[in-house]
Number of protein chains: 2
Amino acid sequence: MTPMEKERYTARARILKALAHPTRLWIAERLADGECCVCEFVDAVDADFSTISKHLAVLREAGIITGEKRGKQVYYRLRVPCVLNFMDCVEAVLVTDARCRNALIA
Amino acid sequence: MTPMEKERYTARARILKALAHPTRLWIAERLADGECCVCEFVDAVDADFSTISKHLAVLREAGIITGEKRGKQVYYRLRVPCVLNFMDCVEAVLVTDARCRNALIA
DNA sequence: ATAATATTTGGCAATATAACCAAATGATGA
DNA sequence: TCATCATTTGGTTATATTGCCAAATATTAT
């Protein structure tokens with residue numbers, strides 16, 4: 001791994017890491033259907049609103065989402081709409097895993 | 001987020017988390033070109049061999065790779081070959097981010 | 001101006017990760 | 001059998017993440 005590669009993979013890993021949390025992943029997928037108000041997440045997720053705000057900050061700082069204040073509320077949306085793309089693959093890993101556990105193969 | 005969703009997103013996040021480390025991501029992409037011996041990673045990555053072995057364990061336990069011992073060596077390969085798929089999107093996030101930083105837009 | 005609402009920020013404690021060294025395991029070759 | 005090589009596992013320390021509470025900020029409504 002050359003220094004250049006290291007830099008590149010560090011940047012990429014940072015993005016995956018931002019998505020690698022159940023709540024954040026759920027939020028990202030929700031946003032794939034269109035923008036949402038923070039308040040919707042607060043209602044839907046069973047966690048303190050400050051916790052949700054911090055999750056949003058993680059996604060924001062990773063460049064995955066962007067927010068806009070409208071009145072009292074803040075609306076977030078995906079900055080790059082392809083986030084869903086890799087869920088198919090993630091799902092494939094899960095399915096393969098389940099199949100293999102059942103079949104007792106590697 | 002229903003309890004069922006929570007379970008689902010926790011499983012998905014686990015997989016992303018496994019990939020969300022520069023060394024592990026590099027290894028995964030390397031394996032997308034075909035199987036590799038652990039020794040190749042040990043040579044290529046500047047980290048203790050035990051560290052590399054632990055990274056491989058993380059990927060293995062996440063169901064992303066699978067290893068096979070052949071003689072003294074262990075060869076790993078991707079269990080689901082689509083890992084590369086989402087790199088395009090990750091890259092798109094990085095590019096968008098760079099563009100916006102330059103242009104001073106959100 | 002004050003109060004109420006929506007969100008972010010600061011701070012803290014609990015837990016999880018990452019990296020290293022040393023030691024254990026497994027396979028081959030002398 | 002004994003030494004050697006490749007890899008994994010155990011243990012430890014440093015660092016990072018998570019989630020809650022309390023407090024700060026910003027916007028609207030009274």
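Letters A, B, ... are given to chains in the order of the sequence lines, protein chains preceding strands, and every chain is numbered from 1.
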Roughly how far apart are A:Leu16 CG and A:Ile64 CD1, rounded to 0.5 Å?
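Here the interatomic distance stands at 8.0 Å.
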
Could you tell me the separation between the NZ atom of B:Lys54 and the OG1 atom of B:Thr23, rounded to the nearest 0.5 Å?
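If I round to the nearest 0.5 Å, the distance is 14.5 Å.
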
Is there a side-chain contact between [X] and [Y], using heavy atoms and a 4.5 Å cut-off?
X: A:Arg24; Y: A:Leu19; answer: no
X: A:Leu25; Y: B:Thr10; answer: no
X: B:Gln73; Y: B:Val38; answer: no

Span of DNA chain C in contact with chain B (heavy atoms, under 4.0 Å)
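It runs C:dT17 to C:dT28.
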
Just by distance, do the side chain of A:Ser53 and the backbone of A:Phe49 share a donor-acceptor pair under 3.5 Å?
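Absent.
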
Passing option when B:Glu35 is tested against B:Arg79, B:Arg70, B:Arg30 for salt bridge (Lys or Arg N to Asp or Glu O under 4.0 Å):
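Exactly one option meets the salt bridge (Lys or Arg N to Asp or Glu O under 4.0 Å) with B:Glu35, and it is B:Arg70.
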
Are any of the side-chain nitrogens in A:Arg8 or B:Glu29 under 4.0 Å away from the carboxylate oxygens of its partner?
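No salt bridge links A:Arg8 with B:Glu29.
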
In terms of relative ring orientation, are B:His55 and B:His21 parallel, tilted or perpendicular, with 30° and 60° separating the classes?
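The arrangement is tilted - the two ring planes meet at 30° to 60°.
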
Below 3.5 Å is the cut-off: list the nitrogen or oxygen pairs between protein and nucleotides 11-14 of chain D, distance only.
residue : atom : partner : partner atom : Å
D:dG11  : O6   : B:Lys54 : NZ           : 2.4

Quickly work out the [X] [atom1] to [N] [atom2] distance and round it to whole Å.
X: B:Ile52; N: D:dA6; atom1: CD1; atom2: P; result: 13 Å
X: A:Arg24; N: D:dG19; atom1: CZ; atom2: P; result: 8 Å
X: A:His21; N: D:dA16; atom1: NE2; atom2: C1'; result: 13 Å
X: B:Gln73; N: D:dC5; atom1: CD; atom2: P; result: 13 Å
X: A:His55; N: D:dA16; atom1: NE2; atom2: P; result: 19 Å
X: A:Leu25; N: D:dT18; atom1: CG; atom2: C1'; result: 16 Å

Is it the case that atom CD in B:Glu5 sees more than 12 heavy atoms from other parts of the structure closer than 6.0 Å?
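Yes, CD of B:Glu5 has more than 12 neighbouring heavy atoms, counting only those of other groups under 6.0 Å.
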
Can you establish whether the number of heavy atoms outside B:Glu7 located under 6.0 Å from its atom CD is more than 12?
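Not more than 12 within 6.0 Å, no.
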
Would you say D:dT8 has OP1 or OP2 under 4.0 Å from some side-chain N or O of B:Tyr76?
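Yes, such a contact exists.
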
Less than 4.0 angstrom between a side-chain N/O of B:Arg70 and OP1 or OP2 of D:dA6, yes or no?
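Checking B:Arg70 against D:dA6: no side-chain N or O falls below 4.0 Å of OP1 or OP2.
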
Nearest-nucleotide comparison on DNA chain D, the residue closer to the 5′ end among A:Lys17 and A:Lys72
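Closest to the 5' end, via its nearest nucleotide, is A:Lys17.
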
With the threshold set at under 4.0 Å for non-hydrogen atoms, list the residues of residues 27-51 of chain A touching DNA chain C in residue-number order.
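Heavy-atom cutoff 4.0 Å gives A:Cys37, A:Val38, A:Cys39, A:Phe49, A:Ser50.
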
